[in-house]
Visitor: 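My questions all concern the structure below.
A, B, ... follow the sequence lines: proteins, then strands. Residue 1 opens every chain.
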2 protein chains.
Amino acid sequence: MPKPVIPEEKRRRRRPTKSGTVLSERLIVDAALRLLREHGSAGLTARRLGLALDADPSTLYRYFRGMDDLTLAIGDALIGQALEGWTPTGEWCEDLRTVGLRIHAAYVAHPQAAVLTTSRVTGRANELAADETVLEILRGAGFPLADIVRIYHAFIDQTLAFAALDAASLALPSAALQADEEMWRKTYARLPMATYPRIAEAAPLLATRMVTSAYPTALEMLLDSACRYLDVPLRGAGNCATSHNEPAPANGPIAPLS
Amino acid sequence: MPKPVIPEEKRRRRRPTKSGTVLSERLIVDAALRLLREHGSAGLTARRLGLALDADPSTLYRYFRGMDDLTLAIGDALIGQALEGWTPTGEWCEDLRTVGLRIHAAYVAHPQAAVLTTSRVTGRANELAADETVLEILRGAGFPLADIVRIYHAFIDQTLAFAALDAASLALPSAALQADEEMWRKTYARLPMATYPRIAEAAPLLATRMVTSAYPTALEMLLDSACRYLDVPLRGAGNCATSHNEPAPANGPIAPLS
DNA sequence: CCCTTAAGGTCAATGGCGTTGGCATAAGGA
DNA sequence: TCCTTATGCCAACGCCATTGACCTTAAGGG
């Protein structure tokens, strides 16, 4: 067992644990999700997981290379849930909206798990299926390939990015979460009009809006831009005063600015 | 020291550490940023920080309530860097673009630190100043207050969300990072046309695009939607087939869907 | 139906982590 | 110069992930 690679699902299930249950990847992932919900995103520990499964912590290393490998398996499960049972209607705008909201909702439904997995790229089946779906929807809308890829990129990363952000808020220990929410009601609401005039005048609206997710709004703006672009590919009159013909001018690399 | 609240910046600096240096919040935060860059986002530990400062780990608790408090201070520093030295031009669209790209860049320049702080709300001075700035820009554009708040919310959360997502990629151990990038070139590029036709046809474009940040594209689409909305507040003909009059219809709460 | 074999459990130990209580000492006001 | 106390240090506690050695028992051939 120094570094004995873990056998795949082709394992001939063998010994039950001392309490009688027979382990499996599925069983472990489910237990992990339960632990995450109950103890927070930092509450998934090998010891606790062993305790929850009535098995020794070291047993987990028969199923996963380490805790990181386990989190990838958890992420795969979440993606799978997102589009489970959904079928496209053919209305590209509606379909894109639904897919976005579903993926976002699936992650946000398991915030503590989402925090650990949102930014990981697994290349597994469920992830591929989701990508294929989005590309297919955009193709059906009639975009040229270059625009399909541009919009796909913005759409999927925006969805994952908001999922991660919103999940992170929800995954905070409840004390910190309440503190954050009350920040908008108390701190921000009582800022002096003299030094923070714009925050002060917007405070009531901010207090109600900032405690919700901005994803629906941002998604709608993205869809809006794509819709209008389908009619008028290049920006006509009445746009931003600044001039640039490409809707997505320069995509910098993710960038080691140091 | 059971729970001896930490005195504020009104501390009369006193003893130097045994190696002669006199500690300060600034010094500690800088050292923390250095550690994060060198050892990754999980590499900031009290022990290592103590080592880097030639001070006992427990000394840090004279300056911060705990490691969490320290991360908030780090986040504050990042926000401060983002808008340092910038002044608005008066062109709202350009200003909004610049502010967005600057905040995004500031976080992405310290990916390992950004991972820890992007989703936290501190309510400190630098954060407040940034919020005030964005609201002021939108007000100057002529939006009514309700729209100011709507767009502000989408803009700031989108910026932070992408910053977090992109930072998370960069903060991965370099081995995992290369693996992710090659995933698009190898795994995705060689998927069978039969089962994944859309991915297959888009593969070359995906390979070059997916390894960059989608933030510039998404930001441009948001600005595009806002710009056009300023001219035509309610959606006219030629929009999405699905009907809804509000650009941002239902903002769900961040949502315990359980 | 028994016997071998190795898969898959358990145990114990290692080294790292955040955090805290007690103690020592030097800085700065008097 | 002396006293107070802010601020540093030390040692210890109870977590954590991971690993190597050992043991138990089910699987599957004979």
Visitor: Quick check for you: to the nearest 0.5 Å, what is the distance between A/Asp131 atom CG and B/Tyr188 atom OH?
Guide: 4.0 Å
Visitor: For A/Tyr63 and C/dG9, give me the distance from atom OH to atom C1', rounded to whole Å.
Guide: 9 Å
Visitor: From the options C/dG21, C/dC11, C/dG18, select the nucleotide whose nearest atom is closest to the side chain of B/Met67.
Guide: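 The answer is C/dG18.
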Visitor: If you check the A/Arg48 side chain, which of D/dG20, D/dC16, C/dT20 turns out closest?
Guide: D/dC16
Visitor: Choose from C/dG18, D/dG8, C/dG8 the nucleotide whose nearest atom is closest to any side-chain atom of A/Arg62.
Guide: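 Nucleotide nearest to A/Arg62's side chain: C/dG8.
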Visitor: Is there a side-chain contact between B/Glu84 and B/Ile79 in this structure, where contact means two heavy atoms from C-beta onward sitting under 4.5 Å apart?
Guide: no
Visitor: If I take atom CZ in residue A/Phe64 and atom P in nucleotide C/dG9, what distance separates them, rounded to the nearest angstrom?
Guide: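 Going from A/Phe64 (CZ) to C/dG9 (P), I get 12 Å.
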Visitor: Within this structure, what is the CG-to-P distance between A/Asp56 and C/dA12, rounded to whole angstrom?
Guide: 10 Å
Visitor: Figure out the CG/C1' separation between B/Leu60 and C/dT20, and round it to whole Å.
Guide: 14 Å
Visitor: Could you check how far CZ of A/Arg65 sits from C1' of D/dT19, rounded to whole Å?
Guide: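 Value for this atom pair: 16 Å.
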Visitor: Ignoring backbone atoms, test whether A/Thr59 places a side-chain nitrogen or oxygen under 4.0 Å from the OP1 or OP2 oxygen of C/dT10.
Guide: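 So the side-chain polar atoms of A/Thr59 do come within 4.0 Å of the phosphate oxygens OP1 or OP2 of C/dT10, strictly under.
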Visitor: So if I take every side-chain heavy atom of A/Ala46 and compare against C/dT10, C/dT19, D/dA17, which nucleotide ends up nearest?
Guide: D/dA17
Visitor: Give the rounded distance in Å between these two atoms: CG of B/Leu51 and C1' of C/dC17.
Guide: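 Distance check: B/Leu51 CG to C/dC17 C1' gives 14 Å.
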Visitor: What's the CG-P distance between B/Leu27 and D/dT7, to the nearest Å?
Guide: 15 Å
Visitor: Compile the donor-acceptor pairs under 3.5 Å between side chains in residues 157-165 of chain B and protein atoms, sequence neighbours left out, one pair per line.
Guide:
unit_1, atom_1, unit_2, atom_2, d
B/Asp157, OD2, B/His153, NE2, 3.4
B/Gln158, NE2, B/Ala218, O, 3.3
B/Thr159, OG1, B/Phe155, O, 2.8
B/Thr159, OG1, B/Tyr215, OH, 2.8

Visitor: If you check the B/Thr45 side chain, which of D/dC9, D/dT19, C/dG18 turns out closest?
Guide: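 Looking only at heavy atoms from C-beta outward on B/Thr45, the closest nucleotide is C/dG18.
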Visitor: Can a side chain N or O of A/Arg47 be found less than 4.0 Å away from OP1 or OP2 on D/dC16?
Guide: yes
Visitor: Without decimals, in angstroms, what is the distance between A/Leu49 CG and D/dC15 P?
Guide: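 The answer, rounded to whole Å, is 17 Å.
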Visitor: Tell me which donor-acceptor pairs under 3.5 Å the side chains of residues 46-55 of chain B have, and how far apart each pair is, sequence neighbours excluded?
Guide:
unit_1, atom_1, unit_2, atom_2, d
B/Arg48, NE, B/Gly43, O, 2.9

Visitor: Among A/Thr71, A/Leu72, A/Asp69, which one satisfies side chain to side chain contact (heavy atoms under 4.5 Å, CB included) with A/Phe64?
Guide: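 Only match with A/Phe64 under side chain to side chain contact (heavy atoms under 4.5 Å, CB included): A/Asp69.
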